Colleague: 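My structure is below; once you've seen it, I'll send some questions.
To find a chain, count down the sequence lines: A is the first, B the second, and so on, and within it residues start at 1. Owing to the predicted nature of the structure, the values given are computational and were not obtained by experimental measurement.
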There are 2 protein chains.
Amino acid sequence: MARDGKPTRKLILEQSRALVLEHGYAGTSIDQILERTGITKGAFFYHFKSKSALALALIEEFIQEDKSHMHTALNDTESTDDPLESLLAFVAWHINAMQEMDELFPGCLYASYSYEPGSFNQEINDKVSESILKWRTTFDGLLDKVFEKYTTSIKVDRQSLSDLFLSISEGSYIISRTLKEKDATVNQLQHLNNYFKLLFVPKK
Amino acid sequence: MARDGKPTRKLILEQSRALVLEHGYAGTSIDQILERTGITKGAFFYHFKSKSALALALIEEFIQEDKSHMHTALNDTESTDDPLESLLAFVAWHINAMQEMDELFPGCLYASYSYEPGSFNQEINDKVSESILKWRTTFDGLLDKVFEKYTTSIKVDRQSLSDLFLSISEGSYIISRTLKEKDATVNQLQHLNNYFKLLFVPKK
DNA sequence: TTATTTATACAGACTAGATGGTATAAATAT
DNA sequence: ATATTTATACCATCTAGTCTGTATAAATAA
């Protein structure tokens with residue numbers, strides 16, 4: 001056959017993601033990508049038929065990784081008896097993952113894309129929405145189990161509780177980026193677990 | 001004297017902000033701005049000597065508005081005796097402001113700029129950082145007073161507590177934008193106040 | 001074995017249009 | 001009379017995307 005193109009494709013995706021997170025998608029030119037990767041235009045357009053095809057591949061890869069982490073976290077933290085323990089462990093899993101990173105978190109493509117939706121087609125924007133919703137439904141599942149055995153110490157809005165993890169995560173990424181504070185996300189998510197601990201009390 | 005240019009400048013800033021929040025800064029061309037405002041290139045470059053001068057003006061105007069809201073909120077909510085009440089009222093002020101909007105919140109320029117820092121010069125990026133820090137120090141002030149009269153029901157990290165408002169706000173904006181759910185921010189911030197209520201207990 | 005084919009992977013010049021920005025002269029408003 | 005705005009032509013550079021050609025390596029056939 002021919003030489004293996006996978007490393008090249010991987011290199012393009014890696015460097016493109018980094019560039020997009022620093023300049024935005026529209027602010028990232030193909031020439032910049034070529035410079036950063038050391039490949040040529042021919043190679044780039046062999047792997048991606050257009051810039052928007054790259055945008056799609058970037059978000060699809062990011063979504064894959066995101067889902068993968070989510071499932072790993074779910075599997076690693078499902079407790080047999082106590083659903084609150086599972087919930088706290090799930091959040092703690094992500095806290096731990098963040099803590100183990102030795103560099104600043106490079107940023108979330110959902111947020112990046114969401115602040116320039118006009119640069120993308122419907123398909124891409126829909127994928128971002130779906131991914132956000134996936135987080136909501138995942139927490140819905142975890143919280144439903146908690147509410148079977150626990151009640152809340154004060155009255156709260158049940159629905160929006162499912163979005164709090166993503167809210168805090170995304171918000172903390174922005175703080176972390178602008179202030180270049182690596183531990184921002186870890187600290188912020190810890191408060192989410194504090195909230196859960198204070199909020200839920202065993203039924204009866 | 002001569003005719004007044006202020007309305008034109010205001011129009012440029014208004015429409016540019018909207019465009020930047022939808023396409024990003026790099027994704028917004030001057031031609032797009034001309035089309036949207038109905039003015040000509042001559043008029044644009046009469047008011048802004050370059051595109052980056054517009055970027056600076058946009059963030060400066062946004063920062064002004066942000067500070068103005070912050071001060072109004074502080075003044076409207078300073079309670080004489082109870083610092084916890086002030087804190088809760090300060091958050092509630094923003095919840096209320098969000099609730100009174102009849103359209104979807106168009107987005108935060110801090111977040112927009114922070115996801116394409118490579119498009120801006122140091123001066124602009126520094127202004128964004130400063131603005132984020134301003135929120136931190138503001139909450140530091142409010143929380144310091146709370147900690148004089150209250151203690152926490154569980155052990156928490158005091159420092160990062162000052163960033164939680166901005167974290168939740170920024171994160172909820174992203175959710176609100178992608179899912180086009182107007183009330184996301186209101187609901188998320190309510191959980192912050194819930195947390196504060198549960199966390200703080202009067203000293204002795 | 002060796003020559004040839006074939007599919008894949010890449011190189012780099014080239015193009016048409018977009019981009020930010022300039023220049024200029026006339027028109028418009030106060 | 002002066003600041004503002006229009007209208008339009010223009011420029012250098014950047015942009016995404018195309019094109020033709022070439023290198024690679026495995027499969028095939030002699």
Colleague: Looking only at side chains, do A:Ser167 and B:Gln188 share a donor and an acceptor under 3.5 Å apart?
Modeller: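 Note: A:Ser167 and B:Gln188 side chains meet the donor-acceptor criterion.
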Colleague: Rounded to the nearest Å, what distance is computed from the CZ atom of residue A:Phe45 to the P atom of nucleotide D:dC19?
Modeller: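 That distance rounds to 12 Å.
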Colleague: Would you tell me if any nitrogen or oxygen in the side chain of A:Thr8 comes within less than 4.0 Å of OP1 or OP2 on C:dC10?
Modeller: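 Yes, within the criterion.
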Colleague: Within residues 46-53 of chain A, which residues have any heavy atom lying less than 4.0 Å from an atom of DNA chain C?
Modeller: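 Residues of residues 46-53 of chain A under 4.0 Å from DNA chain C: A:Tyr46, A:His47.
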Colleague: Any side-chain heavy atom of B:Thr138 within less than 4.5 Å of one from B:Met70?
Modeller: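 Yes, their side chains come closer than 4.5 Å.
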Colleague: Would a 4.5 Å heavy-atom cut-off, applied to side chains only, mark A:Leu199 and B:Asn194 as touching?
Modeller: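 Result no, sub-4.5 Å side-chain heavy-atom pair not found.
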Colleague: Give one of base, sugar-phosphate or nothing for B:Thr28, where a contact means two heavy atoms less than 4.0 Å apart.
Modeller: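 Sugar-phosphate, no base atom in range.
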Colleague: Against the six-membered ring of B:Tyr25, is B:Lys51 placed for a cation-pi contact (under 6.0 Å from the centre, within 45° of the normal)?
Modeller: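 Ring-cation test returns yes.
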Colleague: Do any side-chain nitrogens or oxygens of A:Ser29 fall under 4.0 Å of OP1 or OP2 in D:dT15?
Modeller: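 For D:dT15, OP1/OP2 do have a side-chain N/O of A:Ser29 under 4.0 Å.
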Colleague: Given the side-chain rings of A:Tyr115 and B:Tyr115, with only the six-membered ring counted for Trp, is the space between their centroids under 6.0 Å?
Modeller: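 Distance test on ring centres: not under 6.0 Å, no.
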Colleague: Once you round it to whole Å, what is the distance between P of D:dT15 and NE2 of A:His23?
Modeller: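 Spelled out: NE2 on A:His23 to P on D:dT15 is 11 Å.
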Colleague: Would you please indicate if the ring centroids of A:Tyr195 and A:His191 are separated by under 6.0 Å?
Modeller: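 They do not qualify: ring centres at least 6.0 Å apart.
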Colleague: If each of B:Pro7 and B:Lys41 is mapped to the nucleotide of DNA chain D with the nearest heavy atom, which maps nearer the 5' terminus, i.e. the 5' end?
Modeller: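 Between the two, 5'-proximity favours B:Pro7.
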Colleague: Whole Å only: how far is the CG atom of A:Leu11 from the P atom of C:dC10?
Modeller: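 One finds 10 Å between P of C:dC10 and CG of A:Leu11, rounded.
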Colleague: Can you tell me the distance, in whole Å, between the CG atom of B:Leu34 and the P atom of C:dG21?
Modeller: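 Those two atoms, CG and P, are 12 Å apart.
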Colleague: Expressed as a whole number of angstroms, how long is the span from B:Ile12:CD1 to D:dT6:P?
Modeller: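 For the pair B:Ile12 CD1 and D:dT6 P, the rounded distance is 9 Å.
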Colleague: From NZ of A:Lys6 over to P of D:dT24, roughly how many Å is that when rounded to an integer?
Modeller: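 Value for this atom pair: 20 Å.
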Colleague: Taking the nucleotide of DNA chain D with the closest heavy atom to each, which residue, A:Gly42 or A:Gly27, is nearer the 5' end?
Modeller: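 It is A:Gly27, whose closest nucleotide lies nearer the 5' terminus.
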Colleague: Quickly work out the A:Ile30 CD1 to C:dC14 P distance and round it to whole Å.
Modeller: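 So the two atoms are 20 Å apart, to the nearest Å.
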Colleague: Tell me the interatomic distance from B:Ile39, atom CD1, to D:dT8, atom C1', rounded to whole angstroms.
Modeller: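 From B:Ile39 CD1 to D:dT8 C1': 15 Å.
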Colleague: What nucleic acid atoms does B:Thr40 come within less than 4.0 Å of, heavy atoms only: base, sugar-phosphate, or nothing?
Modeller: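 The answer is base, as B:Thr40 lies within the cut-off (heavy atoms under 4.0 Å) of a base atom.
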Colleague: Would you kindly say whether B:Ser160 and B:Asp157 are connected by a side-chain donor-acceptor distance under 3.5 Å?
Modeller: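 Yes, side-chain donor-acceptor contact under 3.5 Å.
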